[in-house]
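Shown next, in structure tokens, is the structure this report addresses.
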Amino acid sequence: MNPRAIEIGLALAAAAFLIAVPWLVPLLADDFWVSVMTEILIWSLFAASVNLLFGYVGLLSFGQALYFGFGMYGVALGIDRLGLPFWPSFGLGIAAAMAMALVSGIFAVRLSWHYFAIITVVFSLIFYFLAVSMKPLTGGDDGINFSLPPVFKLGGKVFSLTDPTFQYFFVLAVVAFCFFLMYRLINSPLGKSFLAIRDNHLRASLIGLNVYMLRLVAFVMAGFLAGVSGALFAFFGRYASATYMFYQVSGEAVVWTIVGGAGTMFGPLVGTALFIVIREIVSSHWEHHSLIVGLFAILSVIFAPKGIVGLWNGWMGRLGERETAEAATSPLTVQAEP
Amino acid sequence: MKDTILLLAMNGLIWGLIIALIALGLSVIFGLLDIINIAHGDFFMVGTVLAWFSLSATGDFWIGFIVAPVIGFFLGAVIQRLVIQPIHGSAALSIVATFGLSLILQEVVRMTFGATPRRILAPIQGTVPLFGVDYEIYRLFAAAVAVAALAGFFLFLQHTRLGIWMRAVRHDRETAIAMGIPAGRVYVMTFGIGFALAAFGGAVASPITTVDFRGGVDVLPFCFMAVIIGGLGNLPGTVAAAVLLAFLEGLIQSMASPTIARISSLVLMSVVLLLRPQGLFKGFVK
């Protein structure tokens, strides 16, 4: 069978499933899973921000939770303190995340590999502790709750995220749009120069690419993705809390990305979905679900070192004797730097 | 006021010595196996829990000083064989694998030890006057033990066969193997020793801190900072950085809140990373 046909069929089936979720899922399971699906979409966008940096530029960030947190707080403070409507507070969240990414990126992207990983953690820890200590502004670990303003009014009808079906489609639309942007980016000349830096930043600089500038651009773009996901998560949970800025949140996204397949478009989505679904299924039956999650993380890197999507690409490649560029140069094989 | 400064600076210094022990384990694992060990804080936590278990089983606190590093060593050796070896030194995969390990260790402790944090009463009670403040004897004792363990580890690296092998594999793996050094066994031993150092640090620290299944979460970033500020692979640098960081944090704590102190040491850390990414001590110690 033609691997191209299999993949197109799979993509169509996935798209059809995602659109049918609000009707299909309550039929098969119950309403609760619609909100789990919403959560998966939001977190997969967060994992995509790790993937953009690690999978396509070769920078392993352990501090993306900082920009997620800024997205959250931008929304929460915009609505709760400034009394802004829906869209301006959404914009405020994204702008805050991108501004923060720009400021920290100016320093962070000067460093590579381990040093980059550590400085991103350090930056996120600084603001985590600041957020915890500035309780009057941020609510600390307890966070701030707010009530949702309507998204828009059409005729006499008010559309608000309090309707779970509308919320799902709103999140799906935003996340799909961001993945589309990322797809366009990766296939643009800018995206190709990212790949050049990932594979060998010295060579990239020798052919005239401004490595520092390009890394900074990628860092701010990743800040955008993390900011959008943080803002969506604030709308989804109707609150913002400093706990989401802790380094463990960043670490989870790194794990989801690598397990799903770093350097592949949908790896982060697959990894995120898998971990959240396992968590939701096991945690309702067994209190110690972390054991399963931990075991799964270990087994997946042992048996699928290129991630699940990487494994899939390998199968498809063998099936059609077709070498995809993505499978051939996974970031996991090229990280040794001089 | 002067007393608080002294007290907190001393606390910081002693905490730094214990952290140095844990960070040393992290640095050895990183330097030799190229593993970014996210579970290292949990190795420390396992040490505190083992100390608690051996105290409640035998009624004797000191047995924990032996039980924690010995069990830690064997756990580390098994983990290396089962989890670390199959990923062939890929740093990115090691993050995922040790993240999974961290979850498993925390969950196993939560299942057996419970989720409630507990305290261990210091086995040596009482205080001594020191520079005009009454200082807890156990903390001074812990500092002495940590210093002895650090010195012991450096002697081990310099003078035992395994220590020399470890340095040889680190320096040049290919040549070491060609010279007949069993690199595979050295990796297993190194990971075991790394775990044992952290677990021993945990046993020593258990009466000072709380015994909690999440006790490693706070320790982990601190250890990474010590390793980086000290210079990757620079073991004496790691020790110096750990002591310096904790001492400074203690000092700042006496004038501001603990959070402010933590933030200032993180800011200091960023400055060091940006200005001297090769570590604070490059050129001073070899």
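Just so we're on the same page: letters track the sequence lines, and every chain starts at 1.
- In this structure, chain A has a heavy atom under 4.5 Å from the side chain of B/I38, while its backbone stays farther away.
- Looking at B/I260 and A/F129, their side chains never come closer than 4.5 Å, going by heavy atoms from C-beta outward.
- Side-chain contact between B/V227 and A/I118 is absent, with no heavy-atom pair separated by less than 4.5 Å.
- Looking at B/L82, the atoms closer than 4.5 Å to chain A (heavy atoms on both sides) all sit in the backbone: N, CA, C or O.
- Top candidate by heavy-atom pairs under 4.5 Å with chain B, chosen from A/L130, A/V132, A/I292, is A/L130.
- Across A/F107, A/F296, A/Y247, the residue that shares the most heavy-atom pairs under 4.5 angstrom with chain B is A/Y247.
- Here B/E107 contributes atom CD and A/W286 contributes atom CH2; the two are 7.5 Å apart, rounded to the nearest 0.5 Å.
- With a 4.5 angstrom heavy-atom cutoff, A/F127 does not touch chain B via any of its atoms.
- Heavy-atom distances place both the backbone and the side chain of B/L273 under 4.5 Å from chain A.
- Residues B/A92 and A/I258 come closest through the heavy atom pair O-CD1, 3.6 Å.
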Throw together a table of side-chain donor-acceptor distances under 3.5 angstrom for residues 269-278 of chain A, partners on residues two or more places apart or in other chains.
from, atom 1, to, atom 2, distance (Å)
A/T272, OG1, A/P268, O, 2.6

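- Remark: A/H288 NE2 to B/Q106 CD distance equals 13.5 Å, nearest 0.5 Å.
- One finds the OG atom of B/S90 at 11.5 Å from the NZ atom of A/K306 (value rounded to the nearest 0.5 Å).
- Counting non-hydrogen atoms of neighbouring residues, nucleotides and ligands closer than 6.0 angstrom, the CZ atom of B/R110 exceeds 12 such neighbours.
- Of all non-hydrogen atoms in A/L295 and B/I104, the two that sit nearest each other are N-CD1, 3.6 Å.
- The minimum heavy-atom distance linking A/S133 with B/T259 is given by the pair CB-CG2, 3.7 Å.
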Please test A/Y115 against B/I228 for side chain to side chain contact (heavy atoms under 4.5 Å, CB included), starting from the C-alpha separation and ending with a verdict.
CA-CA 8 Å; A/Y115 299 107; B/I228 298 285; 4.2 Å; yes

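- For the options B/V108, B/I95, B/D34, heavy-atom pairs under 4.5 Å to chain A are most numerous at B/I95.
- With a 4.5 Å cut-off on non-hydrogen atoms, A/V255 touches chain B through its backbone and its side chain both.
- Residues B/S270 and A/I126 are in side-chain contact: their nearest non-hydrogen atoms beyond the backbone lie under 4.5 Å apart.
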List the steps, then state whether side chain to side chain contact (heavy atoms under 4.5 Å, CB included) holds for A/I119 with B/L274.
CA-CA 9 Å; A/I119 202 155; B/L274 290 166; 3.8 Å; yes

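- Between A/L125 and B/I263, the closest side-chain pair of non-hydrogen atoms is not below 4.5 Å.
- Only the side chain of B/I87 comes within contact range of chain A, judged by heavy atoms closer than 4.5 Å.
- Between A/L291 and B/M111 the shortest side-chain heavy-atom distance falls below 4.5 Å.
- With a 4.5 Å cut-off on side-chain heavy atoms, B/V217 and A/F246 count as touching.
- At a 4.5 Å heavy-atom cutoff, A/Y128 makes no contact with chain B through either its backbone or its side chain.
- Of all the listed residues (A/S290, A/A297, A/G251, A/A108), the one sharing the greatest number of non-hydrogen pairs under 4.5 Å with chain B is A/S290.
- Taking CZ from B/F99 and CH2 from A/W256, the interatomic distance works out to 8.5 Å, rounded to the nearest 0.5 Å.
- Annotation for B/R185: atom CZ does not count as buried by contact number, only 12 or fewer foreign heavy atoms lying within 6.0 Å.
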